[in-house]
Amino acid sequence: GPRPMVLRAYGFAEGETYRIMPGGLTRVLPTPEPPVVLMQRGGASKDTWVLADGPIAPTTLLRPITQVVRPERIAAEVPTRVADNLFWLGRYAERLEDAARILRRALGTLAAAEGLEPPPGVVALVQLLVRLDLLPAWFGQTYTLPALEKEVFLVIYQLHRVGTIREVAGRLHHLAFVLRDRFSTDTWRILTQLHADAGARPGRLPGVEALALLNRLIVDLAAFSGMEMENMTRGHGWRFLDLGRRLERARNVVALCHGALAVEGAGQWLAEPLLDIADSLMTYRRRYFAQPELPPVLDLILADETNPRSLAFQLNALAEHTTSLPPGGDGSAATQAAQLVASSRQRLREMNLPTLAAGGSTERTAELGRCLAALEADLRNLSDTINHHYFTHAAARVT
């Protein structure tokens, strides 16, 4: 919008007269209200250059409109660095949404708790957050509800701590800025709004404001995902972006279920939080009309191919992407990636989830945990394969 501005011009003596130099120093105030521009009030200054004393004829490297352009329907090649940035943009977008959903559930659970000592539901959820590396390990011991709430706020608002909402959002914004010429005006507007929302700081009601912040971020990320799915041309650029998103979501789902199985009383206290975090609660209620139980919950968010939040759905998407990737450096990258995905799909099909998760058997739970650990290893190998064969030029990122 318009802002108060002052242009300071400069002149030099030339004989008995003065000559005004072209351009000068422009000072701008950040708000439109005060009429006086002062640097002490947060104003900005910029050098102003006048490059010519008259209109300049427009020049362009574009073809003239009289020259016929032959229609092109083959996707242009994507530079390696662009593919790398798109891949990690998809991963950080999914990582941010996953953290926002987990912390939103944590804040909701804390709001319902009373007193200083954490109730069993809070204890189980905190143990899950510790296993997901969102809370320090000492929260597995003794703590109070105020200390827990304070730590959750830090995980949301701290900037220089790996894995916090603001830190992951900063990574996302950096990649989005680098890739801004790849996005439409509306998509860039959504990403800009996402960055602005993530930069909000807690006020006088931190709990309410933190919950509102997480809700806004989830909506912003849903808008970005919608623009990605409906507006981006299905070339290699989109494929690497969605490949990163699907890989990260698959890893998040497996880590969520694996972490929950290690928590005592998971079937009683974590079945509903798992559905809420995986955005599958309404689907479960429509199907079963019953309180959530761990075996059908795990089946819904791991093996149900119709659920777009499930592991099976992500592996199906990864199978399609990896078979359509370019050959890579030595020509075998796409084949290796496709083989890793096929192995993961086969491993998931061989898991008898209702049998493994039912009955509360320690042996069955341990077997399911080993299966999930093997899936985590498969997905790590897939990530390493893609990074090694396609992005070896790039600096290492936080995985």
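Just so we're clear, the structure is a prediction, and the values are computed from it rather than from any experiment.
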[atom1]/[X]: more than 12 non-hydrogen atoms of other groups inside 6.0 Å:
| X | atom1 | result |
| --- | --- | --- |
| Q346 | CD | yes |
| E264 | CD | no |
| R161 | CZ | yes |
| F177 | CZ | no |

Using the rule that Ile, Leu, Val, Met, Phe, Trp and Tyr join whenever any side-chain heavy atoms are under 4.5 Å apart, tell me whether [X] and [Y] fall into a single cluster.
| X | Y | answer |
| --- | --- | --- |
| V155 | I102 | yes |
| L132 | I156 | yes |
| W269 | L261 | no |
| V178 | F87 | no |
| M229 | W188 | yes |

So [Y] and [X], do their side chains get closer than 4.5 Å, heavy atoms only?
| X | Y | answer |
| --- | --- | --- |
| M351 | L375 | yes |
| V152 | E149 | no |
| Q291 | R285 | no |
| C257 | L302 | yes |
| L243 | L325 | yes |
| L135 | E151 | yes |

Measuring from atom [atom1] of [X] to atom [atom2] of [Y], what distance do you get when rounded to the nearest 0.5 angstrom?
| X | Y | atom1 | atom2 | value |
| --- | --- | --- | --- | --- |
| F153 | L148 | CZ | CG | 10.0 Å |
| R105 | L110 | CZ | CG | 11.0 Å |
| E14 | T17 | CD | OG1 | 7.5 Å |
| R8 | S45 | CZ | OG | 9.5 Å |
| L191 | D186 | CG | CG | 11.0 Å |
| S225 | E230 | OG | CD | 9.5 Å |

Where do [X] and [Y] come nearest, in terms of heavy atoms and distance?
| X | Y | value |
| --- | --- | --- |
| L86 | L241 | O-CD1, 3.2 Å |
| A271 | L294 | CB-N, 4.2 Å |
| V297 | P292 | CG2-CB, 4.0 Å |
| S383 | N387 | O-ND2, 2.8 Å |
| I218 | A100 | CG1-CB, 3.9 Å |
| A210 | L107 | CB-CD1, 3.8 Å |

task: Mind running salt bridge (Lys or Arg N to Asp or Glu O under 4.0 Å) on E97 and R309 for me, showing each step along the way?
output: CA-CA 12 Å; E97 181 179 351; R309 292 280 171 174; 2.8 Å; yes

Indicate yes or no for a side-chain donor-acceptor contact from [X] to the backbone of [Y] under 3.5 Å, with no hydrogens or angles considered.
| X | Y | result |
| --- | --- | --- |
| E248 | A93 | no |
| N381 | A377 | yes |
| Y284 | E293 | yes |

Is a side-chain donor-acceptor pair under 3.5 Å present for [Y] with [X]?
| X | Y | result |
| --- | --- | --- |
| N316 | R345 | yes |
| N307 | S280 | yes |
| R95 | N252 | no |
| D197 | Q193 | yes |

Could you tell me whether [X] and [Y] make a salt bridge, using a distance below 4.0 angstrom between a side-chain N and a carboxylate O?
| X | Y | result |
| --- | --- | --- |
| E94 | R251 | no |
| D242 | R246 | yes |
| R239 | E228 | no |
| R380 | E376 | no |

message: So that I know where these two stand, are W238 and H321 an aromatic pair - ring centroids less than 6.0 Å apart?
response: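 Ring centroids of W238 and H321 are less than 6.0 Å from each other.
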
field: Test of ring centre spacing under 6.0 Å for Y18 and Y10
entry: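 No, the ring centres sit 6.0 Å or more apart.
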
Ring geometry between Y390 and F240 (parallel below 30°, tilted from 30 to 60°, perpendicular above 60°):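 Rings of F240 and Y390: perpendicular, over 60°.
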
